[in-house]
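First up is the structure itself, then whatever we jot down about it.
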Amino acid sequence: MKHDEKAKELFREGYNCSQAVLCAFDDVTGLDVKTAAKISSSFGGGMGRMREVCGCVSGALMVLGLVKGYDDPKASTEKNEHYRLIQDFASRFREENGSIICRELLEGVTVTPGPDAEERTEKYYKKRPCPELVACAARIIDEMLG
């Protein structure tokens, strides 16, 4: 199964947007789904439903960090190259979707404020762009990783 399809399927299973993206790349990152889901659990709903940076973007950046990141704090060249990669991802996602901010991506969708997640029903899925956004993030990652 392609990563974009897998991310969409994971979202529909109930994983948040960040989890859906990171978990879809378990074959690339080497993380098992349980660990990936825990690592990315805080970033759904634009960071804990605060509607800030879209969880799809956060999950994608985790994938890119695991695959293309640096680990030497003194490696300035690698750090600069990695930040260029991250900004390239954000630029591509923004170009396709208009924003990388959750509340802007959900403009026109009535969301209940607060920390409590909404029940996942067919109505929930019909009114949200999130399944398409997780697929978009996964597709962009695949393009960037070649």
Side-chain angles (χ1 to χ4, degrees), residues 1-71 78-146:
M1 180 181 298
K2 293 169 44 176
H3 293 118
D4 59 344
E5 295 167 2
K6 188 172 182 181
K8 210 175 197 178
E9 182 177 293
L10 289 166
F11 185 81
R12 286 201 162 270
E13 286 178 17
Y15 288 98
N16 73 37
C17 44
S18 184
Q19 291 172 317
V21 174
L22 182 58
C23 292
F25 284 86
D26 61 339
D27 62 318
V28 174
T29 66
L31 291 176
D32 61 274
V33 172
K34 183 175 182 175
T35 301
K38 284 186 173 189
I39 289 169
S40 55
S41 63
S42 303
F43 298 90
M47 298 189 283
R49 291 193 86 238
M50 292 187 296
R51 306 298 182 210
E52 297 296 336
V53 173
C54 173
C56 302
V57 173
S58 297
L61 302 188
M62 287 182 233
V63 172
L64 292 171
L66 285 163
V67 176
K68 296 278 193 177
Y70 64 95
D71 58 4
E78 290 84 355
K79 181 187 282 190
N80 294 340
E81 288 172 1
H82 187 66
Y83 288 171
R84 277 188 203 77
L85 180 75
I86 297 311
Q87 289 184 16
D88 183 30
F89 174 87
S91 177
R92 290 181 190 202
F93 189 89
R94 186 182 294 113
E95 185 176 312
E96 286 195 36
N97 300 292
S99 181
I100 63 168
I101 304 300
C102 178
R103 70 178 154 274
E104 294 172 3
L105 293 165
L106 292 178
E107 190 173 331
V109 176
T110 303
V111 292
T112 308
D116 297 331
E118 293 177 58
E119 184 181 354
R120 297 282 185 98
T121 62
E122 276 309 306
K123 184 179 178 184
Y124 171 95
Y125 290 112
K126 283 182 181 178
K127 69 179 183 176
R128 281 192 159 38
C130 306
E132 296 307 318
L133 293 172
V134 298
C136 175
R139 184 181 41 73
I140 294 170
I141 295 167
D142 276 333
E143 290 170 2
M144 294 179 78
L145 296 179

For this session: Count the heavy atoms belonging to other residues, nucleotides or ligands that lie under 6.0 Å from CD of Glu143, then report whether that count exceeds 12.
Result: yes
Notebook entry, point to check: What do you reckon, is NZ of Lys127 surrounded by more than 12 foreign heavy atoms closer than 6.0 Å?
Noted result: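 Yes, because the 6.0 Å sphere around NZ of Lys127 holds more than 12 heavy atoms from other groups.
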query: Can Glu118 and Lys123 be counted as an ion pair, charged N to O under 4.0 angstrom?
result: no
Regarding Glu96 and Arg92, does a basic nitrogen lie under 4.0 Å from an acidic carboxylate oxygen?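 Here Glu96 does not pair with Arg92 in a salt bridge, since their nearest N and O are not under 4.0 Å apart.
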### Message
Would you compute the distance between atom CD1 of Ile39 and atom CG of Leu22 and round it to the nearest 0.5 angstrom?
### Response
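It comes to 6.5 Å.
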So CD1 of Ile86 and CE of Met144: to nearest 0.5 Å the spacing works out to 7.0 Å
With a 4.5 Å cut-off on side-chain heavy atoms, are [Y] and [X] touching?
X	Y	result
Leu106	Cys130	yes
Phe89	Ile140	yes
Leu66	Val28	no
His3	Phe25	yes
Leu133	Phe93	yes
His82	Glu78	no
Cys102	Met47	no

Taking [X] for its side chain and [Y] for its backbone only, find out whether a donor-acceptor pair lies under 3.5 Å.
X	Y	value
Gln19	Asn16	yes
Ser91	Asp88	no
Arg94	Ile100	no
Lys68	Glu81	no
Arg120	Glu13	no
Arg12	Lys8	no

Looking only at non-hydrogen atoms, find the nearest pair between [X] and [Y] and report the distance.
X	Y	answer
Arg103	Arg51	NH1-O, 2.7 Å
Tyr124	Phe11	OH-CZ, 3.9 Å
Cys56	Val134	SG-CG1, 3.4 Å
Leu105	Asn97	CD2-O, 3.5 Å
Leu10	Ala20	CD1-O, 3.6 Å
Cys17	Gly55	SG-CA, 3.5 Å

Handout entry: The single option from Asp142, Asp26, Asp27 passing salt bridge (charged side-chain N to carboxylate O under 4.0 Å, His left out) against Lys6
Key =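 When Asp142, Asp26, Asp27 are each tested with Lys6, the salt bridge (charged side-chain N to carboxylate O under 4.0 Å, His left out) holds only for Asp26.
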Using side-chain contact (heavy atoms from CB on, under 4.5 Å), reason through Val33 and Tyr15 one step at a time and then give a plain yes or no. CA-CA 11 Å; Val33 172; Tyr15 288 98; 3.8 Å; yes
**Request:** Carefully, step by step, assess Ile141 and Val21 under the rule side-chain contact (heavy atoms from CB on, under 4.5 Å).
**Result:** CA-CA 10 Å; Ile141 295 167; Val21 174; 3.9 Å; yes
